[in-house]
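Residue indices begin at 1 and follow the sequence shown.
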Amino acid sequence: MSEHQADPGTSGGVLRLYGALWRHTAGDRGTLLGALLLLVGAQSMLLALPYVSARALNTLQLRGTAGLADAGLWLAAALAVTAGSWLLHGPGRILERNVALRLRERLSTGLVDRALRLPLGWHEAHHSGATAHRIQQSTHALAGFAQTQFIYISSFVRLVGPLAALWWIDPAVGGAALGGFVAICASVIGFDRAMIRLARLENDAERRYAAALVDSLGNATSVLALRQGRAVVGLLGRRLAAVFVPMRRSIVLNELKWCTVDTASRALTCGLVALYAWRVAHAPAAAGGALLIGSIYMVWEYAAQAGGV
C-alpha cells in the first residue's frame with residue numbers, strides 16, 4: 001500500500017491518497033470533514049495579512065504621523081487575523097490527528113487480519129519479515145498522511161489565494177505569476193518522478209535487509225552453532241549498503257530540486273515586483289500611478305507565499 005503514495009506513471013497521487021483516507025475513515029468522516037473546513041478557514045484568513053499590512057504601510061506613507069492611529073488599527077487587524085487563524089487551525093489539527101490515530105489502529109488491525117487469512121502457501125512464498133515491513137510501511141504511510149494532510153490544504157489555499165490576489169492587483173502581474181508558477185511546478189514534478197523511482201528501489205532494498213535481519217536474529221542459535229556469525233554480518237552489511245545506493249542518489253536530487261525551486265521562486269518574486277513597479281510607473285496620470293511601499297510589499301508577500309508552496 002505504501003507504493004500508492006506516489007506513482008510516477010499517473011497523475012493525481014494526492015487525490016488517490018484522499019480517496020484511501022476517505023475509505024479507511026468510516027465512522028470518522030464527519031470529524032475529518034470538520035477538520036478540513038477548520039483548516040481551510042484558517043489558511044483563508046491568513047490571506048488577508050498582506051492586504052491589511054499593506055494598508056498600514058500605505059497609510060503611513062500617504063499621511064505620515066497624522067495617519068498613525070489608522071495605521072495602528074490596520075496593524076491590530078493583522079494581529080486579529082493571526083489570532084483568528086489559530087483559533088481555527090489549532091482545533092482543526094487536533095481533530096485531524098485524532099482521526100489519524102484511529103485510522104492507524106483500524107488499518108493495522110485490518111492488514112494483520114487479512115494476512116492471517118491468507119493460505120499457508122502464500123506465507124511460505126513471502127518472507128514474514130518482508131510482510132511485516134510492508135504492513136508497517138503501509139500503516140505509517142497512510143496514517144502519516146492523515147495527520148499531515150493539512151500541508152496539502154495549506155498549499156492549495158496559499159497558491160490559489162495569492163494568485164487570485166495578484167490578478168486582482170494587476171491582471172498582467174497575475175498572468176505572469178501563473179505562468180511562472182506553472183513552470184516551477186513542472187520542474188518539481190520532474191524531480192519528484194525521479195525521486196519516486198529511487199524511493200521504490202530503496203523500499204525494495206529495505207525489505208530485503210529486514211528479511212535477512214529477521215532470519216539472522218530468529219535463528220541466532222543455528223548461526224552460532226554453525227559459526228556463521230561473520231558471514232551473516234557480511235550479508236547484512238551488503239543488504240544495508242544496497243539500501244544506501246538509491247538513497248545517496250535521492251539526497252543529491254533532493255538538494256538539486258530545492259536549489260532549483262528556491263532560486264526560481266525568488267527570481268519570479270523579484271520579477272513580479274519589478275513588473276508591478278514598472279506598470280505603476282508607466283500608468284497614465286489619470287489612473288493615479290502612485291508607487292506605494294505597502295502595495296509593493298503586498299505584491300512581494302503574495303508572490304512569496306505562492307512561491308513557498
Side-chain angles (χ1 to χ4, degrees), residues 37-93 150-151 153-184 261-309:
L37 290 175
L38 288 172
L39 293 169
V40 169
Q43 292 301 319
S44 299
M45 286 189 69
L46 290 178
L47 292 176
L49 275 179
Y51 174 77
V52 295
S53 301
R55 290 297 299 267
L57 292 173
N58 286 344
T59 298
L60 290 175
Q61 182 180 355
L62 292 173
R63 298 171 55 191
T65 56
L68 284 175
D70 288 342
L73 290 176
W74 284 112
L75 292 177
L79 291 176
V81 166
T82 302
S85 174
W86 271 105
L87 288 175
L88 298 178
H89 181 81
R93 285 286 287 141
F150 78 96
I151 296 173
I153 296 174
S154 172
S155 297
F156 179 78
V157 176
R158 288 168 61 89
L159 179 62
V160 175
L163 285 176
L166 289 171
W167 195 279
W168 170 71
I169 294 170
D170 189 321
V173 175
L178 179 60
F181 288 129
V182 166
I184 293 174
V261 171
D262 184 56
T263 303
S265 298
R266 195 61 54 89
L268 180 60
T269 300
C270 294
L272 292 175
V273 171
L275 175 61
Y276 175 74
W278 182 85
R279 284 182 58 82
V280 171
H282 290 79
L291 190 59
L292 301 178
I293 297 299
S295 299
I296 290 290
Y297 166 78
M298 184 164 50
V299 172
W300 173 275
E301 188 62 23
Y302 279 129
Q305 280 188 16
V309 173

Practice task
Just do the side chain to side chain contact (heavy atoms under 4.5 Å, CB included) check on F156 and Q43 with the steps written out, would you?
Solution key: CA-CA 9 Å; F156 179 78; Q43 292 301 319; over 6 Å; no
Heavy-atom closest contact ([X] atom, [Y] atom, distance):
{"X": "S53", "Y": "Y297", "result": "CB-CE2, 3.7 Å"}
{"X": "A71", "Y": "T59", "result": "N-CG2, 4.0 Å"}
{"X": "P162", "Y": "Q305", "result": "CG-OE1, 3.7 Å"}
{"X": "G294", "Y": "A54", "result": "O-CB, 3.1 Å"}
{"X": "L88", "Y": "G41", "result": "CD1-C, 3.6 Å"}
{"X": "M298", "Y": "Y51", "result": "SD-CA, 3.8 Å"}

Measuring from [X]:[atom1] to [Y]:[atom2], what's the distance to the nearest 0.5 Å?
{"X": "S154", "Y": "L46", "atom1": "OG", "atom2": "CG", "value": "8.0 Å"}
{"X": "I153", "Y": "L37", "atom1": "CD1", "atom2": "CG", "value": "9.0 Å"}
{"X": "L57", "Y": "I293", "atom1": "CG", "atom2": "CD1", "value": "8.5 Å"}
{"X": "L73", "Y": "R55", "atom1": "CG", "atom2": "CZ", "value": "11.5 Å"}
{"X": "I296", "Y": "Q61", "atom1": "CD1", "atom2": "CD", "value": "9.5 Å"}
{"X": "W168", "Y": "L163", "atom1": "CH2", "atom2": "CG", "value": "15.0 Å"}

For [Y], is there any backbone N or O sitting under 3.5 Å from a side-chain donor or acceptor partner on [X]?
{"X": "E301", "Y": "P50", "result": "no"}
{"X": "D170", "Y": "Y276", "result": "no"}
{"X": "Y302", "Y": "L47", "result": "yes"}
{"X": "S265", "Y": "V261", "result": "yes"}
{"X": "S155", "Y": "I151", "result": "yes"}

Exercise for the section: Show the numbers, then the answer: is there a side chain to side chain contact (heavy atoms under 4.5 Å, CB included) between R93 and L39? Expected result: CA-CA 7 Å; R93 285 286 287 141; L39 293 169; 4.1 Å; yes
